[in-house]
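Structure first, commentary second.
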Amino acid sequence: MKKPLHITVELAVIFGVCLLGDFIAELLPFDFSASVLSMIILLLLLVVKALKFESIKATAEFLTSNMAVLFIPYGVKVLQYLDIIRENLVLFLLIVLVTTPVVYGVTALTAMLIMKMQKGEKE
């Protein structure tokens, strides 16, 4: 079994993927979220086994377990736009009520696909 990477190396790998996502997003002729692009790149690296999950596991677990803290600045930013949200409350609620189940569904399907792929590797 390979020894896991040191936490600073794990962070460097994750931030390197984020920088790559930012770079590619700037090159695209249309707007695309650099963070989403970074997650896609990270997923592809894991799927093609160019990067082993064990090599970023400690940092990934730390970041996901403390995710709520990472969203505080965005929550504060939303408060700055409460007047605009109030003006468009019905549309805002409609968007939230439609997209939330879609996101949950896609996430569930992705998780099931990954679990099937992992089961196939073990057999």
Side-chain angles (χ1 to χ4, degrees):
M1 185 167 125
K2 288 181 101 176
K3 183 178 153 190
L5 298 178
H6 190 272
I7 194 86
T8 53
V9 176
E10 290 184 25
L11 277 170
V13 168
I14 291 172
F15 287 143
V17 170
C18 290
L19 280 172
L20 180 62
D22 283 342
F23 178 73
I24 293 172
E26 287 294 320
L27 294 177
L28 293 175
F30 51 87
D31 285 339
F32 196 86
S33 171
S35 57
V36 172
L37 194 54
S38 299
M39 287 189 289
I40 291 169
I41 293 167
L42 185 59
L43 177 64
L44 289 174
L45 289 172
L46 290 167
V47 168
V48 300
K49 297 187 177 154
L51 180 65
K52 301 269 189 235
F53 176 68
E54 290 76 25
S55 62
I56 59 168
K57 184 178 180 180
T59 300
E61 287 176 347
F62 172 79
L63 291 173
T64 54
S65 66
N66 294 292
M67 194 177 295
V69 175
L70 301 174
F71 281 102
I72 290 173
Y74 297 106
V76 171
K77 193 74 170 171
V78 166
L79 294 177
Q80 292 177 344
Y81 297 102
L82 277 179
D83 53 332
I84 296 171
I85 292 172
R86 268 192 220 109
E87 291 173 10
N88 301 295
L89 188 60
V90 173
L91 182 60
F92 182 76
L93 288 174
L94 181 66
I95 291 169
V96 168
L97 292 172
V98 169
T99 59
T100 299
V102 170
V103 170
Y104 281 135
V106 169
T107 303
L109 291 172
T110 304
M112 290 182 340
L113 177 66
I114 290 171
M115 290 187 323
K116 280 183 184 178
M117 290 170 62
Q118 288 176 340
K119 276 186 179 177
E121 288 176 3
K122 292 178 183 177
E123 294 177 339

Discussion item. Running the 4.5 Å side-chain criterion over Ile, Leu, Val, Met, Phe, Trp and Tyr, what cluster does L91 land in, apart from itself?
Written reply: I95
Worksheet item: Does the S55 side chain pair with the main chain of K52, one donor and one acceptor, at a distance under 3.5 Å?
Response: yes
Worksheet item: From L97 CG over to F92 CZ, what is the distance, rounded to the nearest 0.5 angstrom?
Response: 10.0 Å
Item to complete: Could you go through the side-chain contact (heavy atoms from CB on, under 4.5 Å) check for L44 and V48 one step at a time?
Response: CA-CA 6 Å; L44 289 174; V48 300; 5.5 Å; no
Response to the item:
In this structure, OH of Y81 is separated from CD of E87 (nearest 0.5 Å) by 13.5 Å
Worksheet item: Got a sec, which hydrophobics cluster with L94, joining ILVMFWY side chains under 4.5 Å apart, including via others?
Response: V98
Discussion item. Are more than 12 heavy atoms, taken from residues, nucleotides or ligands other than E26, located less than 6.0 Å from that residue's CD atom?
Written reply: no
Practice prompt. List the atom of A34, the atom of G21, and the distance in Å for their closest heavy-atom pair.
Written response: CB-O, 3.9 Å
Response to the item:
One should read off an interatomic distance between N66 CG and F71 CZ, to the nearest 0.5 angstrom, of 12.5 Å
Worksheet, complete the sentence: Only residue of L37, I40, L19 satisfying side-chain contact (heavy atoms from CB on, under 4.5 Å) with I24 is L37
Response to the item:
Tested for side-chain contact (heavy atoms from CB on, under 4.5 Å) against T107, the lone hit among V103, T110, L109 is V103
Worksheet, complete the sentence: Between the CZ atom in F23 and the CG atom in L28, the distance rounded to the nearest 0.5 Å is 10.5 Å
Worksheet item: More than 12 foreign heavy atoms under 6.0 Å from CZ of F53: is that the case here?
Response: yes
Fill in: Joint hydrophobic cluster, F15 plus L20, side-chain heavy atoms closer than 4.5 Å
no
Worksheet, complete the sentence: Rounding to 0.5 Å, atoms CD1 (I41) and CG (L51) come to a distance of 12.5 Å
Discussion item. Is any side-chain heavy atom of I56 closer than 4.5 Å to one of L42?
Written reply: yes
Worksheet item: With the 4.5 Å side-chain cut-off for hydrophobic clustering, are L43 and L113 part of the same group?
Response: yes
Worksheet item: Could you give the distance from NZ (K57) to CD (E10), rounded to the nearest 0.5 Å?
Response: 10.5 Å
Practice prompt. Run through I85, I84, V90 and flag the one making a side-chain contact (heavy atoms from CB on, under 4.5 Å) with N88.
Written response: I84
Worksheet, complete the sentence: K116 meets the salt bridge (charged side-chain N to carboxylate O under 4.0 Å, His left out) criterion, sequence neighbours left out, with none
